[in-house]
**Q** 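Dumping the structure here so I can ask a few things about it.
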There are 2 protein chains.
Amino acid sequence: MPERQSSRKDAIRNREAVLVAADALFTRRESAEDVTMADVATAAGVGKGTLFRAFGDRAGLLRALYEARLEPIRQAVETGPPPLGPATPPHDRVPALLDAVLCFKLDNRRLALALEEGGSSSPYRAEHYEPWHSLLRAVLEQIPGLTDSDFTAHALLAATRADLVEHLAGEERIPRERMRAQLANFVTRVLASGPLRALTAEE
Amino acid sequence: MPERQSSRKDAIRNREAVLVAADALFTRRESAEDVTMADVATAAGVGKGTLFRAFGDRAGLLRALYEARLEPIRQAVETGPPPLGPATPPHDRVPALLDAVLCFKLDNRRLALALEEGGSSSPYRAEHYEPWHSLLRAVLEQIPGLTDSDFTAHALLAATRADLVEHLAGEERIPRERMRAQLANFVTRVLASGPLRALTAEE
DNA sequence: ACAGAATCCGGACCCTAGGTCCGCTTCAAT
DNA sequence: ATTGAAGCGGACCTAGGGTCCGGATTCTGT
């Protein structure tokens, strides 16, 4: 619950300083795992107490950073033009949404990794997952012939999990565009078989 | 490197005791996260030193347990009869493999969770992932019209990630058989769209 | 059976990193 | 200027993974 706004300017200034410092650290450092809270506090020129009061705990800080970076995409999805916006026909919006998620994770590898794997509880309990799943599920539901929207949404999102993306980009050295193409391809396959008209009908 | 066999009977007995105790603890306790190494040592009637000498570190212990439980399935996949064994036609083997993985994770929730999420490095660096991916990829490659076997294998396996399974089974209360059906369905969709008749032919 | 060496045992101990506490300072409202 | 509420910061607490080493146990050669 330590999330209420403060009107005091020192509090606001410090919160901002922490955000900036943390952002820099997470981007610069190799792994997010070896950025300690003490590091962040020091880099921000602030005491640990301040840091924890402002964000509650490590996860809270991560969340704040994540949401800040996610904001533009959220906007584009909620009120933007096609292919991300709500006016897009479902069949085109699903790949667009997943592509957006993938790109976001590619652009924010360390952060996404830290938040998604970040110890304790599963990513599925983190409240930032639910909106995506809900939306995707709703869009999938509008595609005729597609059953199990709920599971399908989960499964598709699973293909963009931060650690998988990290593995593909880092270990397997797959270039961004190729990964996007592969994901698009995969999504197409899932959507393509429409009314699950058997393996035989080539149409 | 602390993995070499010991011929001393006390060492062997203790190793076995630890394995049994850990197995019991991980099964009994709510979350795998709150089974500490000290707990395991105590439950096994053994000192921490012994435990760490035998398994190296926490991950080592998890791995040992995991592999023990996985053994029968590994057997079935490598030298067993269809639909898991190598004699199965690719089109049938892929769903069978994924179903086996899913069932395994359902039967070993806590353990799979602990090992997959288990802090530090991603599941993709854990050497137990690679064989599955390799196999699945190889089988996928034999299905005509299927491209991107590598990515597809990753994506399909991602749908059986321990924390997702845990979420579906635990949070969403989806019964085992339903989940298996949904996964089977999903796999079918991915395989079904054969030669990927284009994205353009749509509207 | 015995000695000596090699190995193992176990729990006290260390260390890191997240999180808390509290006396002091700063802010803002009157 | 006064005052009390809010914030500050770093010393401190705790948990849990991992290490160490004196003493016990087991193996081997004779």
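Reckoned from all heavy atoms, side chains included, excluding hydrogens, waters and symmetry mates. Throughout, a chain's letter reflects where its sequence line sits, starting with A, and its residues are numbered from 1. These numbers come from a predicted model, not from an experiment.
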**Q** Give each protein N/O atom lying under 3.5 Å from an N/O atom of nucleotides 23-25 of chain D, with the pair distance.
**A**
{"unit_1": "D:dT25", "atom_1": "O2", "unit_2": "B:Arg8", "atom_2": "NH1", "d": "3.2"}
{"unit_1": "D:dT25", "atom_1": "O2", "unit_2": "B:Arg8", "atom_2": "NH2", "d": "2.9"}

**Q** Which of these nucleotides, C:dG10, D:dG10, D:dG16, is closest to any side-chain atom of A:Lys48?
**A**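 My answer, after comparing the listed nucleotides, is D:dG10.
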**Q** Calculate the interatomic distance between B:Arg53 atom CZ and D:dG17 atom C1'; express it in whole Å.
**A** 16 Å
**Q** Do B:His167 and B:Glu172 have a side chain donor and acceptor closer than 3.5 Å?
**A**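 Per modelled atom types, B:His167 and B:Glu172 side chains form a pair under 3.5 Å.
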**Q** Is it the case that A:Arg189 and B:Thr147 place a side-chain donor and acceptor less than 3.5 Å from each other?
**A**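 Short answer, yes.
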**Q** Taking 4.0 angstrom as the limit, do A:Lys48 and A:Asp39 come out as a salt bridge?
**A** no
**Q** Under 4.0 Å between a side-chain nitrogen and a carboxylate oxygen: does that hold for B:Glu177 and B:Arg180?
**A** yes
**Q** Which is more 5' along DNA chain C, the nucleotide nearest B:Val46 or the one nearest A:Asp34? Just name the residue.
**A**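 The residue whose closest nucleotide sits nearer the 5' end is B:Val46.
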**Q** Mind checking what makes ring-ring contact (aromatic ring centres under 6.0 Å, His included) contact with A:Phe104, not counting sequence neighbours?
**A** A:Tyr66
**Q** Which label fits A:His154 and A:His133: parallel for a plane angle under 30°, tilted from 30 to 60°, or perpendicular past 60°?
**A** parallel
**Q** How long is the line joining CG of A:Asn14 and C1' of C:dT25, in whole Å?
**A** 13 Å
**Q** Between B:Arg58 and A:Gly45, which has a closest nucleotide on DNA chain D that is more 5'?
**A**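 Its nucleotide being nearer the 5' end, the pick is A:Gly45.
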**Q** To the nearest 0.5 Å, tell me how far A:Asp107 CG sits from A:Arg176 CZ.
**A** 4.5 Å
**Q** Write down the distance between CZ (A:Arg13) and P (C:dA28), rounded to a whole number of angstrom.
**A** 11 Å
**Q** Which nucleotide sits closest to the side chain of A:Thr50: D:dT26, D:dG17, D:dG9?
**A** D:dG9
**Q** Of the nucleotides C:dA28, C:dC8, C:dG18, which one has an atom closest to the side chain of A:Lys9?
**A**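 So the side chain of A:Lys9 is nearest to C:dA28.
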**Q** Just wondering, do A:Leu98 and A:Leu157 contact through their side chains at under 4.5 Å, heavy atoms?
**A**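 A side-chain contact exists here, since the closest heavy-atom pair is under 4.5 Å.
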**Q** What is the distance, to the nearest angstrom, from the CZ atom on B:Arg15 to the P atom on C:dC9?
**A** 12 Å
**Q** Identify which nucleotide among D:dG7, C:dG18, D:dG17 has an atom closest to any side-chain atom of A:Met37, counting heavy atoms from C-beta outward.
**A**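 Closest of the options to the side chain of A:Met37: C:dG18.
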**Q** Compare all side-chain heavy atoms of B:Glu127 with those of B:Arg63 and state whether any distance is below 4.5 angstrom.
**A** yes
**Q** Find the bend of the helix from C:dA1-D:dT30 to C:dT30-D:dA1 as the angle between its two terminal axes (five pairs each), to the nearest 10°.
**A**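 Terminal axis comparison yields 10°.
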